[in-house]
2 protein chains.
Amino acid sequence: MQSFNAYSANCPTRLVLDRIADKWAVLVLGLLSNGPVRFNQLRRQIDGVSQKMLSQTLKSLERDGLVHRKAIPTVPVTVEYSITPLGRTLVETVDGLRIWAETHMPEVQKSQNRYDRALA
Amino acid sequence: MQSFNAYSANCPTRLVLDRIADKWAVLVLGLLSNGPVRFNQLRRQIDGVSQKMLSQTLKSLERDGLVHRKAIPTVPVTVEYSITPLGRTLVETVDGLRIWAETHMPEVQKSQNRYDRALA
DNA sequence: CTGAATCCCGAGAGATACTG
DNA sequence: CAGTATCTCTCGGGATTCAG
């Protein structure tokens, strides 16, 4: 558990946490894990995302090697995004958190209710 | 993979992600997993945390049932924080991310370097 | 010692308009 | 269709001060 004993901007665990802390990034990876999708398709499927945020998110995911960008030279140009093998391993890992969430969230909410009632 | 197909503030996975997105929360849980610690001990061990953030973090962790708060009526009062069994299961889950990070971060960085060089 | 309350500030998100 | 550019503004974090 050494990684937790000190905060460091270079801590690899921290970097991954920051990555999946990004709401849009996780949603994009999840959608792409079902197959390639084009930009505006993603935009429509992810409710509430702005062009700017989607663009930023995709760019950084591509930079990290988690997503592949393929521009098809049609007129007008179409761009297809797909998940990489590396990205897929991350999705699988995040799935562990999903399991935890589904298993333990009821308990967390019970605790929250207890806590809130104790205040009132 | 249903949970990823739409953004919802009530998505349990999202709630957990938001929780561990909190830098201080993860560090606190990591430290407490080694045994109970008092407030100012935590403050000293976590470099760069402010009183405000530590206080907020501990309060919300207690609310979620991840951390237990025990006030000892000395003068002045001392407060001892410890991790709960529930909190321990979360730490173990986050450990999966640590493994991923240590395994795949070199690959991510290689991708980033490639990407950045391609621009220059 | 363990917090709560207040003020202050900058990073980051949204909206809008424009381009290849 | 797939972005970029700019502008604004909010919200969350830091510093400081006060309290039990």
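Remember, predicted model here, so these are calculated numbers, not experimental data. Residue numbering restarts at 1 for every chain, and letters A, B, ... go by the order of the sequence lines.
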- Item | Test item: side-chain donor near acceptor, B:Ser60 and B:Arg19, under 3.5 Å |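 Side-chain D/A pair, B:Ser60 to B:Arg19: present.
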
Establish, with yes or no, whether the OP1 or OP2 oxygen of [N] is under 4.0 angstrom from a side-chain nitrogen or oxygen of [X].
X: B:Ser55; N: C:dA4; answer: yes
X: A:Arg38; N: D:dA2; answer: yes
X: A:Tyr81; N: D:dG3; answer: yes
X: A:Ser50; N: C:dG14; answer: yes

- Message: Any base atoms under 4.0 Å from A:Arg43, or only sugar-phosphate, or nothing? Heavy atoms, all strands.
- Response: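 No contact.
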
- Query: salt bridge (Lys or Arg N to Asp or Glu O under 4.0 Å) between A:Arg88 and A:Glu92: does it pass, once the steps are laid out?
  - Reply: CA-CA 6 Å; A:Arg88 207 171 280 281; A:Glu92 286 162 8; over 6 Å; no

What is the distance from [atom1] of [X] to [atom2] of [N], rounded to the nearest Å?
X: B:Ile46; N: C:dT2; atom1: CD1; atom2: P; value: 14 Å
X: A:Gln51; N: D:dA5; atom1: CD; atom2: P; value: 14 Å
X: A:Met53; N: C:dG14; atom1: CE; atom2: C1'; value: 9 Å
X: A:Phe39; N: D:dC1; atom1: CZ; atom2: C1'; value: 9 Å
X: B:Leu54; N: C:dA5; atom1: CG; atom2: P; value: 17 Å
X: B:Leu58; N: C:dA4; atom1: CG; atom2: C1'; value: 14 Å
X: A:Gln56; N: D:dG3; atom1: CD; atom2: C1'; value: 12 Å
X: A:Glu80; N: D:dC1; atom1: CD; atom2: P; value: 15 Å

- Message: Looking at B:His104, is its backbone amide N or carbonyl O close enough to the side chain of B:Glu107 to form a donor-acceptor pair, meaning the two atoms are under 3.5 Å apart?
- Response: no

- Query: Hey, is the main chain of A:Val91 close enough, under 3.5 Å, to the side chain of A:Asp95 for a donor-acceptor pair?
  - Reply: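 Not a single qualifying donor-acceptor pair exists.
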
- Side-chain ion pair, A:Arg63 and B:Asp116, N-O less than 4.0 Å: yes

- Message: Using side-chain heavy atoms (C-beta onward) and a distance below 4.5 Å, is B:Leu29 in contact with B:Val94?
- Response: no

- Query: For A:Gln41 and A:Lys52, take the nucleotide of DNA chain D holding the closest heavy atom to each; which residue's nucleotide lies nearer the 5' end?
  - Reply: A:Gln41

- Got a sec? Which of residues 59-77 of chain B come in under 4.0 Å of DNA chain D, heavy atoms? none

- Message: Do A:Tyr115 and A:Met105 sit in one hydrophobic cluster, given that two such residues count as connected whenever their side-chain heavy atoms are within less than 4.5 Å of each other, even indirectly?
- Response: no

